[in-house]
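Note sheet for the following structure.
This is a predicted model, so every value here is computed, not measured. Quick note on labels: first sequence line is chain A, next is B, and so on, each numbered from 1.
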Number of protein chains: 2
Amino acid sequence: MLHKSNFRELCHQHQLAATHQRQVIYETVISLPGHPSPETIYEKVRRQIPSISLATVYKNIRTFLHRGMLREVSLHHGSLRVETNQKPHHHLVCVECKSIVDLDENRLEPLRLSQKVPRGFEVKRIAVDVLGICEACSAKRARRSKKS
Amino acid sequence: MLHKSNFRELCHQHQLAATHQRQVIYETVISLPGHPSPETIYEKVRRQIPSISLATVYKNIRTFLHRGMLREVSLHHGSLRVETNQKPHHHLVCVECKSIVDLDENRLEPLRLSQKVPRGFEVKRIAVDVLGICEACSAKRARRSKKS
DNA sequence: CTAGATGCAAACAGTTTGCGTCACT
DNA sequence: AGTGACGCAAACTGTTTGCATCTAG
């Protein structure tokens, strides 16, 4: 549980208004186990603020993700994407524009599970995503901060 | 490019009818560069079969993915999922039911980029997904094959 | 006081489904 | 001939947006 003052400070750091909704959404997210969806978060937040709107939950989750106050489990690319590269490879993914570039497997250290995964889980393959900001997006970012 | 006979055989192996649409969709996918979406595939397939329906493209891509004839870039969980575990960790993901379990980072060999990623790409973090079939889904699978 | 946040409803994108017709085996 | 595939339109899910109202700073 986060003290009210802590949350206010966190918002201040990110230049966000410290609203009641915002705080409850944030605290609810970090209180939930696992990997909750916006719907799940909404259901729980509603118990504290029955009048809250699902759109507000969505808007704030987006805001938190953008500011890096929260992280999403794996990036959506807006639609299903099919792999056409048959060779073993991993992905270089831009968290800003979501572009995907293949990375030859030999560019990464060999990767092995050092311990057992939960018994009963049959491992098929290991996918590695190198996440970051691509050149085009860094350039955009630099331009933006120069302006302001 | 795949010979017609090869595709027929491939379909036969997977107990699928070798229809013209099926073949054109499959060949189009493997001919496209990068990580095409169903829309992109549809646009290109349409040049060869103008009367084809988007639903057919979706149905067949699903079929191919299920049979393992194609692979998707990264799994959708149906909705956005927020990370609540603050400790560094990776994910154990069931490709069947899409359940996600956290895996402590120390269960994996330390992972480093052994060579440079394309210059200009600023790496933020590396996400590792261990993909496979969870215990519950293997059980279901076993039951299914016993029945038939 | 004013920029930004909320709540609502409507719009939207991506995907799936139901069903009548058609084609592969 | 019969099972499964196709094409169409309608349904559905998850998410975003426009706008009027409200609130934090």
Can you tell me if the side-chain N/O atoms of B:Gln15 get under 4.0 Å from OP1 or OP2 in C:dT25? no
Would you kindly give the CG-to-C1' distance between A:Leu80 and D:dG14, to the nearest whole Å? 16 Å
Just call it for A:Ser79: base, sugar-phosphate, or nothing, with non-hydrogen atoms closer than 4.0 Å on any strand. sugar-phosphate
Listed nucleotide nearest any side-chain atom of A:Ser53, set C:dG18, C:dG14, C:dC8: C:dC8
Need to verify one output field. Residue with the more 5' nearest nucleotide on DNA chain D, B:Gln21 or A:Leu54? B:Gln21
Establish, from distance only, whether the side-chain atoms of B:His66 and B:Glu96 form a donor-acceptor pair under 3.5 Å. no
Proximal nucleotide (of C:dC19, D:dT15, C:dG14) relative to the A:Arg62 side chain: D:dT15
Are the ring centres of A:His35 and B:His91 closer than 6.0 Å? yes
Do A:Ile49 and A:His20 have side-chain heavy atoms sitting under 4.5 Å apart? yes
Atom pair CG/OG1 of A:Asn60 and A:Thr19 - distance to nearest 0.5 Å: 6.0 Å
Whole angstroms only, please: what is the NE2-C1' distance between A:His14 and C:dA5? 18 Å
Rounding to an integer number of Å, can you tell me how far B:His12 NE2 sits from D:dG4 P? 14 Å
Expressed in angstrom and rounded to an integer, what is the separation of B:Gln13 atom CD from C:dT25 atom P? 14 Å
Whichever of B:Ala55 and A:Asn60 has its nearest DNA chain C nucleotide further upstream toward 5': A:Asn60
Round to a whole Å and report the spacing from CD of A:Glu72 to P of D:dG14. 16 Å
For the pair made of CZ in B:Arg22 and C1' in C:dA23, what is the distance, rounded to whole Å? 12 Å
From the candidates D:dG14, D:dG18, C:dA5, the one with an atom nearest any side-chain atom of A:Lys59 is D:dG18
Nearest-Å distance for atom pair CD/P, residues B:Glu9 and C:dT25: 13 Å
Flag side-chain contact, heavy atom, 4.5 Å: B:Gln13 against B:Arg67: no
Would you classify B:Ser51 as touching base, sugar-phosphate or nothing, given that sugar-phosphate means primed atoms plus P, OP1 and OP2, and contacts are heavy atoms under 4.0 Å? sugar-phosphate
When rounded to the nearest 0.5 Å, the distance separating OH of A:Tyr42 from CD1 of A:Ile25 is 11.0 Å
Could you tell me how far apart B:Ile61 (CD1) and D:dA5 (P) are, to the nearest whole angstrom? 16 Å
Under 4.0 Å from OP1 or OP2 of C:dT16: is there any side-chain N or O of B:Tyr58 that close? no
Residue whose nearest DNA chain D nucleotide is more 5′ - B:Arg81 or B:Ile52: B:Ile52
If you assign B:Pro38 and A:Ile49 each to the DNA chain C nucleotide with the nearest heavy atom, which residue ends up on the more 5' nucleotide? A:Ile49
Generate the contact string for nucleotides 20-25 of chain D. Rules: B means base contact, S means sugar-phosphate contact only, - means no protein heavy atom under 4.0 Å. ----SS
Polar side chain donor-acceptor pair, A:Ser31 to A:Thr28, under 3.5 angstrom: no
Any A:Val82 side-chain heavy atom under 4.5 Å of B:Glu72 side chain: no
